Novice: 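This is the structure I have questions about; it appears just below.
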Amino acid sequence: GKEFEMSCNCDFQAHLRRCAAYHEAKGGTWISEELISRLIEIHRSPKNRIRMYCFELWDLASGELAAASFGLRIGAFFHDFSMCCLLQDRRS
């Protein structure tokens, strides 16, 4: 059966913080609070064409966030800039 479900931008800011903590625990991260604030500011501004995305993978059995991938879109261009795998088990 189905083990995971995907969503987009359920809570970009909180999930980006979790990704930062994930990388910090593994030795360091470039995802600072200042960067998170700037990305949110850019995303919310109607004056630009830049949009931020968080693709979330949810474990259906536990309801927990299993993984997240972050990226930005400018027009038709998309670039992913970070990801984290929060669930470490036989499926990861």
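Small disclaimer: the values here were computed from a predicted structure and weren't measured.
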Novice: Suppose we screen for salt bridge (charged side-chain N to carboxylate O under 4.0 Å, His left out). Which residues come up paired with Glu3, at least two apart in sequence or across chains?
Specialist: Arg90, Arg91
Novice: For residues 65-86, which side-chain N or O atoms pair as donor and acceptor with protein atoms under 3.5 Å away, sequence neighbours left out?
Specialist:
residue: Arg73; atom: NE; partner: Tyr53; partner atom: OH; Å: 3.2
residue: Arg73; atom: NH1; partner: Gly75; partner atom: O; Å: 3.3
residue: Arg73; atom: NH2; partner: Tyr53; partner atom: OH; Å: 3.4

Novice: Using a 4.5 Å cut-off on heavy atoms from C-beta on, say whether the side chain of Leu87 contacts that of Phe4.
Specialist: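 Contact flag for Phe4/Leu87 side chains = yes.
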Novice: Would a 4.5 Å heavy-atom cut-off, applied to side chains only, mark Lys2 and Leu60 as touching?
Specialist: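 In contact.
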Novice: Under 3.5 Å, is there a donor-acceptor pair between the side chain of Glu56 and the main chain of Cys10?
Specialist: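 Yes; judged by distance alone, with no hydrogens or angles, the pair exists.
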Novice: Determine whether Ile42 and Trp30 fall in the same hydrophobic cluster, where Ile, Leu, Val, Met, Phe, Trp and Tyr are linked whenever their side-chain heavy atoms lie under 4.5 Å apart.
Specialist: yes
Novice: State, with a plain yes or no, whether a side-chain heavy atom of Cys19 is found less than 4.5 Å away from one of Ile31.
Specialist: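 They are in side-chain contact.
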Novice: Quick check: does any side chain N or O of Asn9 sit under 3.5 Å from a backbone N or O of Phe55, one acting as donor and the other as acceptor?
Specialist: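 Absent.
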Novice: Not counting sequence neighbours, list each pair that qualifies as a side chain to side chain donor-acceptor pair (under 3.5 Å) and has a residue in residues 34-43.
Specialist: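 Matches after skipping sequence neighbours: none remain.
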Novice: Excluding sequence neighbours, so at least two apart, what forms salt bridge (charged side-chain N to carboxylate O under 4.0 Å, His left out) with Lys47?
Specialist: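 Listed in chain order: nothing, the list is empty.
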Novice: Counting N and O atoms only, with roles assigned by atom type, does the side chain of Asp59 sit under 3.5 Å from a partner on the main chain of Glu64, one being a donor and the other an acceptor?
Specialist: no
Novice: According to side chain to side chain donor-acceptor pair (under 3.5 Å), who are the partners of Ser32, at least two apart in sequence or on a separate chain?
Specialist: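 Once residues adjacent in sequence are excluded, Ser32 has no partner under the side chain to side chain donor-acceptor pair (under 3.5 Å) criterion.
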Novice: Scan residues 9-18 for pairs that pass salt bridge (charged side-chain N to carboxylate O under 4.0 Å, His left out), counting only residues two or more places apart or in two chains.
Specialist: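 Sorted pair list: Arg17-Glu33.
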Novice: Can you name the closest pair of heavy atoms from Pro46 and Arg51 and give their distance?
Specialist: CA-NH2, 4.2 Å
